[in-house]
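Only one structure is covered here, and it is reproduced in the block below.
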Amino acid sequence: MAAERASDMTDLQEQLHAAGVHTLLVQFTDVHGVAKGKYVPLRHLGEVLERGAGFAGPSIWGTALPRTGPRAEYFARGDAATAMPLPWASGVARIVGDGFVDAQPFDACPRQVLRRALARLAEQGLSLRTGIEPEFFLLRRDGGQWHPADTDDRLDKPSYDLKSLPRQRGLLFALADALTACGLDVLQTDHEDAHGQYELNFAHDDALASADHLMLFKLAAHALAEERALVFSMMPKPFANQPGSGLHFHVSLWRGDELAEGVARHFIGGLLAHAGALAAIAAPTVNSYKRLVVGESLSGTSWAPAYVAQGPNNRTALVRTLPGRFEWRLPDASANPYLATAAMVAAGLDGIERRLDPGPAVTDDLFDLSLAQIRARGIALLPQSLGEAVDALERDEVVCAALGATLAPEYIRLKRAEATEYARHVSGWELDRYAALF
Ligand code: GLU
Ligand code: MG
């Protein structure tokens, strides 16, 4: 077995060398969904696969690891199947790492959290495919102010705009080419409903691979935007008077090669029953709750879901059902794709186990209903702040169990601190409104 592994390793090393690779980028994802890692010369591939690249554990958000002793080291152990030369970084191949501590899978590593959730799904004979759809802004920072990169991008309703889109085609095509060279099937790129906002879609895949692809997309987009002196932004709502960026998940459940349509209904029931706790994971910043507004936002229709309901092709509901799959519209662009998927799986499995009913299929436009009408129909609202969402997470044993004994309390601690720090902040809006008023 060991000899077989060694020969696989040598084959991979030779393949990468033949592709001009001299350095590995050993990459993992922190709790905030931020790519982290280090460069390791290709000749050390064997160590990266066997033991992992080492990092100081407490320097990584969300690990809660101590500063001393054997558990102070976090190892990102390379997953050989993910090794891929990066077209925008000559000589460099990315390899995705799984977190290990003290030679054991590290329970708080987001990729391990997702592996555990998918293993639980597999115990039920099920597998999951996801298509993750990133919306994002291209920005510029001038004199301390943030603007859309394209200052001529000013239409009142810029969805599918064909004036700004071609102006960014240099970057957008470079991004699509880079992802295609990495084996992703790029499907489309468009201008979304805010100034400076775009969306790029690639084909769905197994849930773990899709999360890896999303991180690859972020790496590529940051690098290519920076080459053009632009800022690639996955902030959920950079401009109060414009729609925000979602990260919708298209989800299908499978039993072998067959769609598991019989259980999908209960899975969706689970997503609705646990919506509050899921918000803390899938909409994880204070800014997320400026996207998920109940009623009209400052930007008018924002297409972001606030109502806990599901309906056929209904983009005003939390879950839009489609033939053979559904779209989970809760996540925003700042979500960690591993944790969001894992939390969704935990909620969905609970729905299956308890045969939860997702309620009536909603066919009307929920954005047209008053809050009183929404309440009268028994439709719950999503949390309206990060603090509220974290409270819901703390009460939710199912979603906390999916995060695990290390990450759940650490996540709650970090996110509560984020909400408190924000609440303590005095904003320009407050000064403008109150400074001279009383
Ligand atoms: N930008 C919207 C959101 O924040 C979604 C728009 C769309 O449906 O493409 O979820
Ligand atoms: Mg969109």
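Order of listing sets the numbers, starting from 1, for every ligand and every atom in it. Keep in mind that the numbers below use all heavy atoms, side chains included, and drop hydrogens, waters and symmetry copies.
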Can you give the donor-acceptor pairs under 3.5 Å from side chains of residues 117-125 to other protein atoms, not counting sequence neighbours?
none

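- The side-chain tip of Arg111 does not point at the ring of Tyr338 from less than 6.0 angstrom away and within 45° of straight on.
- The shortest separation from a heavy atom of Pro243 to ligand 1 is not under 4.0 Å, leaving the residue out of contact.
- Taking a cut-off of 2.8 Å, the protein N, O or S atoms nearer than that to the Mg ion (ligand 2) are Glu135 OE2, Glu192 OE1, Glu199 OE1.
- Geometrically, Lys38 engages Phe55 in a cation-pi contact defined by less than 6.0 Å to the ring centre and at most 45° from the axis.
- Looking only at side-chain heavy atoms (C-beta outward), Met234 and Lys218 come within less than 4.5 Å of each other.
- Proximity of Glu133 to ligand 1 is not established, as no heavy-atom distance is less than 4.0 Å.
- Remark: ligand 1 and Ser245 share no N or O pair separated by less than 3.5 Å (distance only, no angle test).
- A salt bridge links Arg154 to Asp152: at least one charged side-chain nitrogen sits closer than 4.0 Å to a carboxylate oxygen.
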Side chains of residues 82-91: which donor-acceptor pairs under 3.5 Å do they make with residues two or more places apart or in other chains?
unit_1	atom_1	unit_2	atom_2	d
Thr82	OG1	Asp79	O	2.7
Thr82	OG1	Val96	N	2.8

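- Among Glu135, Gln197, Gln242, Arg291, the residue whose heavy atom sits closest to atom 10 (O) of ligand 1 is Arg291.
- Every residue meeting the ring pair (Phe, Tyr, Trp, His ring centres under 6.0 Å) condition with Tyr198, not counting sequence neighbours, appears here in chain and number order: His191.
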